[in-house]
Q: 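Quick one: the structure is below, and I'll ask about it shortly.
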Amino acid sequence: MDWFQTVVLSTVLSASWSAEDLTFPPGFMFGAATAAYQVEGAWNVSDKGESAWDRYTHEHPEKIKDHSNGDIACDSYHLWRRDIEMAVELGLHFYRFSISWPRLLPSGYPNYISEDGKNYYSNLIDGLLEKGIEPFVTMYHWDLPQSLQDLGGWTNPLVADWFYDYARVVFTLYGDRVKWWLTINEPLVMCDFVYNNGILAPPIMSPELGAYLCSKNVLVAHAKAWRLYDEEFRPKYNGKVSVANHHVWFDPLTPDDAELAELAREDCVGKYTHPIFSTTGGWPPSIEKVMEEVSLKRGYKSSSLPAFTPEEIALVRGTYDFYAMNHYTSRLIRKAKEGETFTAWPLGDAVDLGGIVQRRADWPLSTSFWFYVYPEGIRRQLVWLRKQYGNLEFVITENGLSTYAGLDDQDRIDYYKNYLRQILLAIKEDGVNVTGYTAWTLMDNFEWMDGYATKLGLYEVDYLDPQRKRTPRASARFYADLIKKHALDSVTVAPPNVTIV
Ligand SMILES: *[C@@H]1O[C@H](CO)[C@@H](O)[C@H](O)[C@H]1NC(C)=O
Ligand SMILES: *[C@@H]1O[C@H](CO)[C@@H](O)[C@H](O)[C@H]1NC(C)=O
Ligand SMILES: *[C@@H]1O[C@H](CO)[C@@H](O)[C@H](O)[C@H]1NC(C)=O
(Lines give C-alpha, C1' and ligand atoms only; values in the text may rest on other atoms or scores of the structure.)
(Ligands and ions follow the chains in the order given, each with its own letter.)
Protein backbone atom coordinates (compact mmCIF):
# COMPACT_ATOMS: atom_id res chain seq x y z
CA MET A 1 0.00 0.00 0.00
CA ASP A 2 1.50 3.40 -0.95
CA TRP A 3 1.42 6.50 1.22
CA PHE A 4 -1.57 7.97 -0.59
CA GLN A 5 -3.75 4.94 0.00
CA THR A 6 -2.63 4.83 3.61
CA VAL A 7 -3.59 8.44 4.22
CA VAL A 8 -6.94 8.17 2.44
CA LEU A 9 -7.81 4.91 4.15
CA SER A 10 -6.94 6.13 7.62
CA THR A 11 -8.98 9.30 7.07
CA VAL A 12 -12.00 7.28 5.98
CA LEU A 13 -11.60 4.89 8.90
CA SER A 14 -11.23 7.57 11.55
CA ALA A 15 -14.23 9.44 10.14
CA SER A 16 -16.40 6.35 10.41
CA TRP A 17 -15.02 5.54 13.86
CA SER A 18 -15.94 8.90 15.33
CA ALA A 19 -19.52 8.51 14.11
CA GLU A 20 -19.76 4.93 15.30
CA ASP A 21 -22.66 3.83 17.46
CA LEU A 22 -21.10 1.98 20.37
CA THR A 23 -24.35 0.93 22.05
CA PHE A 24 -25.28 -2.74 22.37
CA PRO A 25 -28.75 -3.85 21.24
CA PRO A 26 -31.51 -3.88 23.89
CA GLY A 27 -31.50 -7.16 25.80
CA PHE A 28 -27.87 -7.96 24.90
CA MET A 29 -26.48 -10.03 27.81
CA PHE A 30 -23.06 -9.79 29.40
CA GLY A 31 -21.49 -12.55 31.44
CA ALA A 32 -18.22 -14.06 32.62
CA ALA A 33 -17.09 -17.66 32.68
CA THR A 34 -15.05 -20.23 34.57
CA ALA A 35 -14.70 -24.03 34.45
CA ALA A 36 -14.82 -26.56 37.26
CA TYR A 37 -11.28 -27.93 37.18
CA GLN A 38 -9.81 -24.46 36.75
CA VAL A 39 -11.45 -22.93 39.85
CA GLU A 40 -13.06 -25.42 42.22
CA GLY A 41 -10.11 -27.17 43.85
CA ALA A 42 -11.34 -29.65 46.50
CA TRP A 43 -10.27 -32.39 44.13
CA ASN A 44 -10.57 -35.13 46.75
CA VAL A 45 -13.18 -33.85 49.22
CA SER A 46 -16.13 -35.93 50.22
CA ASP A 47 -16.83 -38.67 47.67
CA LYS A 48 -15.67 -36.85 44.54
CA GLY A 49 -14.23 -39.16 41.89
CA GLU A 50 -10.84 -38.63 40.28
CA SER A 51 -10.87 -36.80 36.95
CA ALA A 52 -8.54 -37.24 34.00
CA TRP A 53 -7.08 -33.82 34.85
CA ASP A 54 -6.43 -34.86 38.47
CA ARG A 55 -4.59 -37.91 37.19
CA TYR A 56 -2.66 -36.00 34.54
CA THR A 57 -1.38 -33.17 36.74
CA HIS A 58 -0.48 -35.56 39.57
CA GLU A 59 1.43 -37.94 37.32
CA HIS A 60 2.92 -35.33 34.99
CA PRO A 61 3.65 -32.11 36.89
CA GLU A 62 6.47 -31.50 34.40
CA LYS A 63 3.89 -30.97 31.65
CA ILE A 64 2.50 -27.89 33.42
CA LYS A 65 4.54 -24.68 33.10
CA ASP A 66 4.81 -24.07 36.87
CA HIS A 67 4.37 -27.77 37.80
CA SER A 68 1.08 -26.88 39.48
CA ASN A 69 -2.33 -28.54 39.50
CA GLY A 70 -5.97 -27.82 40.28
CA ASP A 71 -5.98 -29.49 43.73
CA ILE A 72 -6.91 -26.19 45.39
CA ALA A 73 -7.02 -23.71 42.47
CA CYS A 74 -9.27 -20.77 43.47
CA ASP A 75 -10.98 -22.97 46.07
CA SER A 76 -14.34 -22.04 44.59
CA TYR A 77 -15.74 -25.23 46.06
CA HIS A 78 -15.59 -23.40 49.39
CA LEU A 79 -15.58 -19.77 48.20
CA TRP A 80 -18.55 -19.83 45.80
CA ARG A 81 -20.35 -17.15 47.82
CA ARG A 82 -17.50 -14.75 47.04
CA ASP A 83 -17.70 -15.75 43.37
CA ILE A 84 -21.37 -14.75 43.33
CA GLU A 85 -20.48 -11.47 45.04
CA MET A 86 -18.00 -10.75 42.23
CA ALA A 87 -20.65 -11.48 39.61
CA VAL A 88 -22.86 -8.97 41.46
CA GLU A 89 -20.07 -6.37 41.63
CA LEU A 90 -19.63 -6.65 37.86
CA GLY A 91 -23.38 -6.47 37.24
CA LEU A 92 -23.28 -9.67 35.19
CA HIS A 93 -26.47 -10.83 33.54
CA PHE A 94 -25.21 -14.42 33.62
CA TYR A 95 -22.39 -16.49 35.06
CA ARG A 96 -21.08 -19.38 32.99
CA PHE A 97 -19.57 -22.21 35.04
CA SER A 98 -19.17 -25.94 34.50
CA ILE A 99 -20.24 -29.01 36.41
CA SER A 100 -17.57 -31.53 37.29
CA TRP A 101 -18.83 -34.90 36.11
CA PRO A 102 -16.81 -36.90 38.71
CA ARG A 103 -17.93 -34.55 41.52
CA LEU A 104 -21.57 -35.29 40.71
CA LEU A 105 -21.13 -38.93 39.62
CA PRO A 106 -18.03 -40.25 41.44
CA SER A 107 -17.97 -43.50 39.45
CA GLY A 108 -18.73 -41.74 36.17
CA TYR A 109 -22.01 -43.66 36.01
CA PRO A 110 -25.42 -42.63 37.35
CA ASN A 111 -25.55 -45.61 39.71
CA TYR A 112 -24.64 -43.23 42.52
CA ILE A 113 -25.09 -39.46 42.81
CA SER A 114 -22.91 -37.56 45.28
CA GLU A 115 -25.06 -35.70 47.80
CA ASP A 116 -22.31 -33.10 48.37
CA GLY A 117 -21.69 -32.67 44.66
CA LYS A 118 -25.39 -32.27 44.01
CA ASN A 119 -25.75 -29.65 46.78
CA TYR A 120 -22.69 -27.69 45.71
CA TYR A 121 -24.09 -26.88 42.26
CA SER A 122 -27.60 -26.48 43.61
CA ASN A 123 -26.42 -23.83 46.10
CA LEU A 124 -24.40 -22.03 43.44
CA ILE A 125 -27.41 -21.94 41.10
CA ASP A 126 -29.78 -20.74 43.84
CA GLY A 127 -27.26 -18.14 45.02
CA LEU A 128 -26.98 -16.68 41.51
CA LEU A 129 -30.73 -16.65 40.93
CA GLU A 130 -31.30 -14.86 44.24
CA LYS A 131 -29.15 -12.05 42.87
CA GLY A 132 -30.92 -12.03 39.52
CA ILE A 133 -27.98 -13.63 37.67
CA GLU A 134 -28.72 -16.40 35.17
CA PRO A 135 -26.72 -19.59 35.63
CA PHE A 136 -25.25 -20.55 32.21
CA VAL A 137 -24.08 -24.11 32.69
CA THR A 138 -21.45 -26.11 30.80
CA MET A 139 -22.02 -29.81 31.42
CA TYR A 140 -18.54 -30.87 30.36
CA HIS A 141 -15.38 -28.79 30.40
CA TRP A 142 -12.69 -31.50 30.05
CA ASP A 143 -12.64 -33.14 33.49
CA LEU A 144 -13.74 -36.61 32.43
CA PRO A 145 -14.05 -39.19 35.23
CA GLN A 146 -10.77 -41.14 35.21
CA SER A 147 -12.83 -44.34 35.41
CA LEU A 148 -14.20 -43.56 31.94
CA GLN A 149 -10.82 -42.39 30.66
CA ASP A 150 -9.51 -45.83 31.62
CA LEU A 151 -12.09 -47.28 29.22
CA GLY A 152 -10.90 -45.13 26.33
CA GLY A 153 -12.65 -41.88 27.18
CA TRP A 154 -13.71 -39.88 24.15
CA THR A 155 -12.30 -42.42 21.68
CA ASN A 156 -14.78 -45.08 22.87
CA PRO A 157 -18.13 -44.75 21.04
CA LEU A 158 -19.88 -45.77 24.29
CA VAL A 159 -18.92 -42.36 25.67
CA ALA A 160 -21.99 -40.94 23.91
CA ASP A 161 -24.21 -43.12 26.12
CA TRP A 162 -22.18 -42.36 29.25
CA PHE A 163 -22.61 -38.67 28.51
CA TYR A 164 -26.33 -39.13 27.80
CA ASP A 165 -26.81 -40.79 31.21
CA TYR A 166 -24.84 -38.01 32.92
CA ALA A 167 -26.88 -35.39 31.03
CA ARG A 168 -30.12 -36.91 32.31
CA VAL A 169 -28.92 -36.54 35.90
CA VAL A 170 -27.87 -32.94 35.30
CA PHE A 171 -31.11 -31.90 33.55
CA THR A 172 -33.18 -33.68 36.20
CA LEU A 173 -31.39 -31.97 39.10
CA TYR A 174 -31.03 -28.45 37.70
CA GLY A 175 -33.28 -28.13 34.64
CA ASP A 176 -35.96 -26.36 36.65
CA ARG A 177 -33.59 -23.44 37.35
CA VAL A 178 -31.05 -23.41 34.49
CA LYS A 179 -32.25 -22.05 31.13
CA TRP A 180 -28.91 -21.84 29.29
CA TRP A 181 -26.95 -25.04 28.69
CA LEU A 182 -23.77 -25.99 26.90
CA THR A 183 -23.24 -29.71 26.54
CA ILE A 184 -19.53 -29.80 25.75
CA ASN A 185 -16.78 -27.19 25.71
CA GLU A 186 -14.52 -26.98 22.66
CA PRO A 187 -14.48 -30.34 20.87
CA LEU A 188 -11.53 -29.06 18.81
CA VAL A 189 -9.40 -28.78 21.93
CA MET A 190 -10.65 -32.03 23.49
CA CYS A 191 -9.94 -33.97 20.33
CA ASP A 192 -7.41 -32.27 18.08
CA PHE A 193 -5.30 -30.46 20.70
CA VAL A 194 -5.29 -33.49 22.98
CA TYR A 195 -4.47 -36.29 20.55
CA ASN A 196 -2.23 -34.21 18.26
CA ASN A 197 -0.02 -32.75 20.93
CA GLY A 198 -0.16 -34.81 24.12
CA ILE A 199 0.06 -31.65 26.22
CA LEU A 200 -3.40 -31.79 27.79
CA ALA A 201 -5.22 -34.59 29.62
CA PRO A 202 -5.20 -37.42 28.72
CA PRO A 203 -1.56 -37.42 27.54
CA ILE A 204 -2.19 -39.76 24.63
CA MET A 205 -0.69 -39.06 21.21
CA SER A 206 -2.85 -40.38 18.41
CA PRO A 207 -3.05 -37.70 15.74
CA GLU A 208 -3.95 -40.04 12.91
CA LEU A 209 -6.72 -41.94 14.68
CA GLY A 210 -7.63 -40.86 18.21
CA ALA A 211 -8.37 -37.27 17.25
CA TYR A 212 -10.94 -38.36 14.66
CA LEU A 213 -12.61 -41.04 16.77
CA CYS A 214 -13.03 -38.36 19.39
CA SER A 215 -14.43 -35.87 16.85
CA LYS A 216 -17.25 -38.18 15.89
CA ASN A 217 -18.03 -39.40 19.42
CA VAL A 218 -18.22 -35.87 20.79
CA LEU A 219 -20.77 -34.90 18.14
CA VAL A 220 -22.93 -37.95 18.83
CA ALA A 221 -22.69 -37.38 22.61
CA HIS A 222 -23.76 -33.77 22.22
CA ALA A 223 -26.64 -34.74 19.94
CA LYS A 224 -27.98 -37.39 22.32
CA ALA A 225 -27.94 -34.93 25.20
CA TRP A 226 -29.65 -32.23 23.10
CA ARG A 227 -32.37 -34.63 21.99
CA LEU A 228 -32.91 -35.79 25.55
CA TYR A 229 -33.46 -32.19 26.61
CA ASP A 230 -35.63 -31.47 23.60
CA GLU A 231 -37.91 -34.42 24.16
CA GLU A 232 -38.14 -34.71 27.94
CA PHE A 233 -37.14 -31.41 29.51
CA ARG A 234 -37.90 -28.61 27.08
CA PRO A 235 -41.69 -29.04 27.38
CA LYS A 236 -41.41 -28.35 31.14
CA TYR A 237 -38.52 -25.90 31.29
CA ASN A 238 -38.15 -24.25 27.89
CA GLY A 239 -34.38 -23.65 28.09
CA LYS A 240 -31.75 -23.51 25.35
CA VAL A 241 -28.98 -26.03 24.69
CA SER A 242 -25.94 -25.83 22.42
CA VAL A 243 -22.28 -26.82 22.21
CA ALA A 244 -19.41 -24.32 22.64
CA ASN A 245 -16.87 -24.49 19.85
CA HIS A 246 -13.38 -23.04 19.71
CA HIS A 247 -12.79 -20.82 16.69
CA VAL A 248 -9.43 -19.87 15.23
CA TRP A 249 -9.95 -17.52 12.31
CA PHE A 250 -7.82 -18.23 9.20
CA ASP A 251 -6.71 -15.72 6.61
CA PRO A 252 -4.74 -16.74 3.51
CA LEU A 253 -1.14 -15.50 3.37
CA THR A 254 -1.47 -14.76 -0.34
CA PRO A 255 -4.49 -14.76 -2.69
CA ASP A 256 -3.20 -18.13 -3.90
CA ASP A 257 -3.90 -19.60 -0.50
CA ALA A 258 -7.57 -18.58 -0.37
CA GLU A 259 -8.90 -22.08 -1.01
CA LEU A 260 -6.55 -23.53 1.59
CA ALA A 261 -7.71 -20.97 4.16
CA GLU A 262 -11.30 -21.99 3.53
CA LEU A 263 -10.31 -25.63 4.00
CA ALA A 264 -8.60 -24.70 7.29
CA ARG A 265 -11.81 -22.98 8.48
CA GLU A 266 -13.74 -26.15 7.68
CA ASP A 267 -11.14 -28.29 9.46
CA CYS A 268 -10.94 -26.15 12.58
CA VAL A 269 -14.58 -25.10 12.87
CA GLY A 270 -16.70 -26.81 10.19
CA LYS A 271 -15.74 -30.31 11.33
CA TYR A 272 -17.64 -29.63 14.56
CA THR A 273 -20.36 -27.36 13.20
CA HIS A 274 -21.34 -28.64 9.75
CA PRO A 275 -22.78 -31.87 11.24
CA ILE A 276 -24.98 -29.82 13.60
CA PHE A 277 -25.76 -26.48 11.96
CA SER A 278 -25.80 -27.16 8.21
CA THR A 279 -29.00 -28.19 6.46
CA THR A 280 -27.38 -31.31 5.00
CA GLY A 281 -25.56 -32.51 8.14
CA GLY A 282 -22.53 -34.81 8.21
CA TRP A 283 -18.89 -33.86 7.81
CA PRO A 284 -18.00 -30.88 5.62
CA PRO A 285 -17.64 -32.47 2.15
CA SER A 286 -14.25 -30.81 1.59
CA ILE A 287 -12.86 -32.29 4.82
CA GLU A 288 -14.33 -35.72 4.09
CA LYS A 289 -12.49 -35.66 0.76
CA VAL A 290 -9.15 -34.51 2.14
CA MET A 291 -9.28 -37.02 4.99
CA GLU A 292 -10.00 -39.88 2.62
CA GLU A 293 -7.04 -38.92 0.41
CA VAL A 294 -4.65 -38.36 3.31
CA SER A 295 -5.64 -41.61 5.04
CA LEU A 296 -5.15 -43.73 1.91
CA LYS A 297 -1.81 -42.06 1.28
CA ARG A 298 -0.79 -42.98 4.83
CA GLY A 299 -1.62 -46.61 4.12
CA TYR A 300 -4.96 -46.92 5.91
CA LYS A 301 -7.72 -48.84 4.16
CA SER A 302 -10.27 -46.12 4.70
CA SER A 303 -10.61 -42.61 6.02
CA SER A 304 -9.42 -42.04 9.58
CA LEU A 305 -12.38 -39.73 9.96
CA PRO A 306 -15.11 -42.23 10.87
CA ALA A 307 -18.15 -42.08 8.61
CA PHE A 308 -21.54 -41.19 10.02
CA THR A 309 -24.38 -43.59 9.24
CA PRO A 310 -27.47 -41.91 7.70
CA GLU A 311 -29.17 -42.37 11.10
CA GLU A 312 -26.29 -40.61 12.84
CA ILE A 313 -26.37 -37.75 10.36
CA ALA A 314 -30.05 -37.27 11.15
CA LEU A 315 -29.42 -37.65 14.88
CA VAL A 316 -26.80 -34.90 14.98
CA ARG A 317 -28.26 -32.47 12.45
CA GLY A 318 -30.23 -29.59 13.95
CA THR A 319 -29.28 -30.25 17.58
CA TYR A 320 -28.94 -26.62 18.66
CA ASP A 321 -31.00 -23.76 20.05
CA PHE A 322 -28.32 -21.09 19.52
CA TYR A 323 -24.70 -20.87 18.38
CA ALA A 324 -22.03 -20.72 21.13
CA MET A 325 -18.73 -19.27 20.01
CA ASN A 326 -15.45 -19.21 21.93
CA HIS A 327 -12.87 -17.08 20.17
CA TYR A 328 -9.46 -15.71 21.04
CA THR A 329 -7.10 -15.69 18.11
CA SER A 330 -6.37 -15.95 14.38
CA ARG A 331 -3.80 -17.42 11.98
CA LEU A 332 -2.44 -17.02 8.48
CA ILE A 333 -2.07 -20.11 6.34
CA ARG A 334 -0.08 -20.86 3.19
CA LYS A 335 0.65 -23.92 1.08
CA ALA A 336 3.66 -25.88 2.28
CA LYS A 337 6.67 -25.94 0.00
CA GLU A 338 8.00 -29.24 -1.36
CA GLY A 339 9.65 -31.16 1.49
CA GLU A 340 8.82 -28.60 4.18
CA THR A 341 8.36 -30.20 7.60
CA PHE A 342 5.21 -29.82 9.68
CA THR A 343 4.45 -29.56 13.34
CA ALA A 344 1.07 -30.87 14.35
CA TRP A 345 -2.09 -28.87 13.94
CA PRO A 346 -3.80 -27.18 15.71
CA LEU A 347 -0.96 -25.60 17.64
CA GLY A 348 1.37 -25.85 14.69
CA ASP A 349 0.64 -26.52 11.06
CA ALA A 350 -2.35 -27.95 9.24
CA VAL A 351 -0.65 -31.27 8.58
CA ASP A 352 -3.59 -33.03 6.92
CA LEU A 353 -4.19 -30.04 4.67
CA GLY A 354 -0.57 -29.46 3.68
CA GLY A 355 -0.69 -25.96 5.15
CA ILE A 356 1.91 -23.99 7.08
CA VAL A 357 0.33 -21.84 9.75
CA GLN A 358 1.84 -18.55 10.83
CA ARG A 359 1.31 -15.28 12.62
CA ARG A 360 0.94 -11.97 10.85
CA ALA A 361 3.84 -9.76 11.85
CA ASP A 362 1.62 -7.05 13.31
CA TRP A 363 -0.45 -9.39 15.49
CA PRO A 364 0.84 -8.99 19.05
CA LEU A 365 1.57 -12.19 20.97
CA SER A 366 -0.15 -12.60 24.35
CA THR A 367 1.46 -14.50 27.22
CA SER A 368 0.06 -17.78 25.88
CA PHE A 369 2.20 -19.20 23.08
CA TRP A 370 -0.83 -20.01 20.91
CA PHE A 371 -2.51 -16.67 21.26
CA TYR A 372 -2.04 -13.67 18.90
CA VAL A 373 -4.27 -10.61 19.03
CA TYR A 374 -6.32 -9.77 15.89
CA PRO A 375 -9.67 -8.11 16.77
CA GLU A 376 -11.03 -8.21 13.20
CA GLY A 377 -10.81 -12.00 13.35
CA ILE A 378 -13.87 -12.26 15.58
CA ARG A 379 -16.01 -10.24 13.16
CA ARG A 380 -14.84 -12.20 10.15
CA GLN A 381 -15.50 -15.48 11.95
CA LEU A 382 -19.05 -14.39 12.79
CA VAL A 383 -19.72 -13.31 9.21
CA TRP A 384 -18.37 -16.63 7.91
CA LEU A 385 -20.61 -18.62 10.27
CA ARG A 386 -23.66 -16.63 9.28
CA LYS A 387 -22.88 -17.22 5.64
CA GLN A 388 -22.46 -20.97 6.24
CA TYR A 389 -25.38 -21.63 8.56
CA GLY A 390 -27.81 -18.72 8.25
CA ASN A 391 -29.22 -16.20 10.63
CA LEU A 392 -28.74 -18.01 13.94
CA GLU A 393 -28.69 -16.55 17.42
CA PHE A 394 -25.02 -16.18 18.39
CA VAL A 395 -23.69 -15.98 21.94
CA ILE A 396 -19.97 -15.34 22.42
CA THR A 397 -19.30 -17.84 25.20
CA GLU A 398 -15.58 -17.03 25.71
CA ASN A 399 -13.26 -14.16 24.81
CA GLY A 400 -10.42 -12.55 26.76
CA LEU A 401 -6.67 -11.94 26.94
CA SER A 402 -3.86 -13.75 28.73
CA THR A 403 -1.32 -11.47 30.43
CA TYR A 404 1.17 -11.50 33.27
CA ALA A 405 0.28 -10.44 36.81
CA GLY A 406 -0.74 -6.91 37.81
CA LEU A 407 -3.90 -5.01 38.67
CA ASP A 408 -3.54 -2.22 36.10
CA ASP A 409 -4.30 -4.37 33.06
CA GLN A 410 -4.77 -1.74 30.35
CA ASP A 411 -3.79 -4.38 27.77
CA ARG A 412 -6.79 -6.51 28.75
CA ILE A 413 -9.09 -3.47 28.58
CA ASP A 414 -7.76 -2.69 25.09
CA TYR A 415 -8.37 -6.27 24.04
CA TYR A 416 -11.96 -6.24 25.30
CA LYS A 417 -12.67 -2.87 23.68
CA ASN A 418 -11.26 -3.86 20.32
CA TYR A 419 -12.96 -7.25 20.19
CA LEU A 420 -16.30 -5.88 21.45
CA ARG A 421 -16.15 -3.14 18.85
CA GLN A 422 -15.75 -5.78 16.14
CA ILE A 423 -18.76 -7.62 17.55
CA LEU A 424 -20.76 -4.38 17.37
CA LEU A 425 -19.71 -4.00 13.75
CA ALA A 426 -20.80 -7.58 13.04
CA ILE A 427 -24.20 -6.80 14.58
CA LYS A 428 -24.74 -3.38 13.01
CA GLU A 429 -22.92 -3.56 9.69
CA ASP A 430 -23.22 -7.25 8.88
CA GLY A 431 -26.55 -8.09 10.52
CA VAL A 432 -25.20 -10.97 12.64
CA ASN A 433 -27.58 -11.67 15.53
CA VAL A 434 -25.21 -11.72 18.50
CA THR A 435 -27.24 -11.63 21.71
CA GLY A 436 -24.61 -12.15 24.41
CA TYR A 437 -20.94 -11.90 25.33
CA THR A 438 -18.91 -13.80 27.90
CA ALA A 439 -15.61 -12.58 29.29
CA TRP A 440 -13.08 -15.31 29.92
CA THR A 441 -12.59 -15.23 32.78
CA LEU A 442 -14.17 -14.07 36.04
CA MET A 443 -10.90 -14.59 37.94
CA ASP A 444 -7.38 -15.91 37.40
CA ASN A 445 -7.41 -19.69 37.50
CA PHE A 446 -5.59 -22.87 36.53
CA GLU A 447 -4.88 -22.23 32.85
CA TRP A 448 -4.25 -25.86 31.79
CA MET A 449 -0.66 -26.29 30.51
CA ASP A 450 0.20 -22.74 31.62
CA GLY A 451 -0.74 -23.53 35.22
CA TYR A 452 -1.02 -20.30 37.22
CA ALA A 453 1.73 -18.52 35.25
CA THR A 454 -0.73 -16.95 32.83
CA LYS A 455 -3.54 -14.67 33.97
CA LEU A 456 -6.85 -14.11 32.23
CA GLY A 457 -8.98 -12.87 35.13
CA LEU A 458 -11.04 -9.75 35.60
CA TYR A 459 -10.16 -10.45 39.24
CA GLU A 460 -6.68 -11.30 40.42
CA VAL A 461 -6.43 -14.29 42.74
CA ASP A 462 -3.74 -14.40 45.43
CA TYR A 463 -2.60 -18.03 45.49
CA LEU A 464 -0.29 -17.42 48.46
CA ASP A 465 -3.30 -16.51 50.57
CA PRO A 466 -5.09 -19.56 52.02
CA GLN A 467 -8.31 -17.56 51.54
CA ARG A 468 -7.46 -17.09 47.84
CA LYS A 469 -8.26 -13.37 48.08
CA ARG A 470 -9.83 -12.02 44.88
CA THR A 471 -9.10 -8.39 43.90
CA PRO A 472 -10.69 -6.54 40.97
CA ARG A 473 -8.35 -5.45 38.21
CA ALA A 474 -8.81 -2.25 36.20
CA SER A 475 -10.50 -4.48 33.61
CA ALA A 476 -13.16 -5.48 36.18
CA ARG A 477 -14.07 -1.82 36.64
CA PHE A 478 -14.06 -1.35 32.87
CA TYR A 479 -16.37 -4.34 32.39
CA ALA A 480 -18.76 -3.26 35.17
CA ASP A 481 -18.95 0.20 33.61
CA LEU A 482 -19.57 -1.22 30.15
CA ILE A 483 -22.39 -3.40 31.45
CA LYS A 484 -23.97 -0.50 33.32
CA LYS A 485 -23.83 1.81 30.28
CA HIS A 486 -24.69 -1.01 27.85
CA ALA A 487 -22.20 0.65 25.53
CA LEU A 488 -18.50 1.10 24.92
CA ASP A 489 -17.55 4.66 25.76
CA SER A 490 -14.67 4.80 23.30
CA VAL A 491 -12.74 2.57 20.96
CA THR A 492 -9.01 2.21 20.92
CA VAL A 493 -7.50 2.81 17.53
CA ALA A 494 -4.07 1.40 18.34
CA PRO A 495 -3.71 -2.35 18.68
CA PRO A 496 -3.63 -3.56 22.28
CA ASN A 497 -0.34 -2.81 23.96
CA VAL A 498 0.55 -6.37 24.86
CA THR A 499 3.96 -7.15 26.27
CA ILE A 500 5.82 -9.26 23.74
CA VAL A 501 7.51 -12.24 25.36
C1 LIG B 1 -6.40 -34.67 49.36
O2 LIG B 1 -5.33 -34.23 48.58
C3 LIG B 1 -4.34 -33.51 49.28
C4 LIG B 1 -3.33 -33.03 48.26
O5 LIG B 1 -3.93 -32.09 47.42
C6 LIG B 1 -3.72 -34.38 50.35
O7 LIG B 1 -2.78 -33.63 51.09
C8 LIG B 1 -4.81 -34.89 51.28
O9 LIG B 1 -4.28 -35.79 52.19
C10 LIG B 1 -5.91 -35.58 50.49
N11 LIG B 1 -7.02 -35.88 51.36
C12 LIG B 1 -7.60 -37.06 51.37
C13 LIG B 1 -8.77 -37.17 52.31
O14 LIG B 1 -7.23 -37.99 50.69
C1 LIG C 1 -31.98 -12.71 17.49
O2 LIG C 1 -32.26 -13.93 18.17
C3 LIG C 1 -33.21 -13.80 19.21
C4 LIG C 1 -33.31 -15.15 19.91
O5 LIG C 1 -33.63 -16.15 19.00
C6 LIG C 1 -34.55 -13.36 18.64
O7 LIG C 1 -35.48 -13.20 19.68
C8 LIG C 1 -34.36 -12.05 17.91
O9 LIG C 1 -35.56 -11.69 17.28
C10 LIG C 1 -33.25 -12.17 16.87
N11 LIG C 1 -32.97 -10.85 16.32
C12 LIG C 1 -32.77 -10.65 15.02
C13 LIG C 1 -32.47 -9.25 14.65
O14 LIG C 1 -32.83 -11.55 14.20
C1 LIG D 1 3.08 -0.17 26.37
O2 LIG D 1 3.34 -0.75 27.65
C3 LIG D 1 4.63 -0.52 28.13
C4 LIG D 1 4.81 -1.34 29.42
O5 LIG D 1 3.61 -1.47 30.13
C6 LIG D 1 4.82 0.97 28.35
O7 LIG D 1 6.13 1.23 28.83
C8 LIG D 1 4.62 1.70 27.02
O9 LIG D 1 4.69 3.09 27.23
C10 LIG D 1 3.26 1.34 26.44
N11 LIG D 1 3.15 1.90 25.08
C12 LIG D 1 2.08 2.59 24.68
C13 LIG D 1 2.11 3.06 23.26
O14 LIG D 1 1.12 2.83 25.41
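Counting starts at 1 for both ligands and their atoms, following the listed order. None of these values were measured; they are calculated from a predicted model.
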Q: With only distance considered, is Thr435 within less than 3.5 Å of ligand 2 through an N or O on each side?
A: no
Q: Please check if any side-chain donor atom of Asp54 sits under 3.5 Å from a side-chain acceptor atom of Ser51, or the reverse.
A: yes
Q: With a 4.0 Å cut-off, would you call Arg379 and Glu429 a salt bridge?
A: no
Q: For Glu398, what residues pass the salt bridge (charged side-chain N to carboxylate O under 4.0 Å, His left out) criterion, not counting sequence neighbours?
A: Arg96
Q: Just to verify, what does Trp226 make a side-chain hydrogen bond (donor to acceptor under 3.5 Å, both in side chains) with, not counting sequence neighbours?
A: Asp321
Q: I'd like to know if Lys48 pairs up with Asp143 as an ion pair, taking the criterion as any Lys NZ or Arg NE/NH1/NH2 lying under 4.0 Å from an Asp or Glu carboxylate oxygen.
A: no
Q: Got a second to check how far Trp370's CH2 is from Ser402's OG, nearest 0.5 Å?
A: 6.5 Å
Q: Check each protein residue for a heavy atom under 4.0 Å from ligand 1 and list those that pass, ordered by chain and number.
A: Trp43, Asn44, Asp71
Q: Give the numbers and elements of all ligand 2 atoms closer than 4.0 Å to a heavy atom of Asn433.
A: 1 (C), 2 (O), 3 (C), 8 (C), 10 (C), 11 (N), 12 (C), 14 (O)
Q: For Trp180, what residues pass the side-chain hydrogen bond (donor to acceptor under 3.5 Å, both in side chains) criterion, not counting sequence neighbours?
A: none
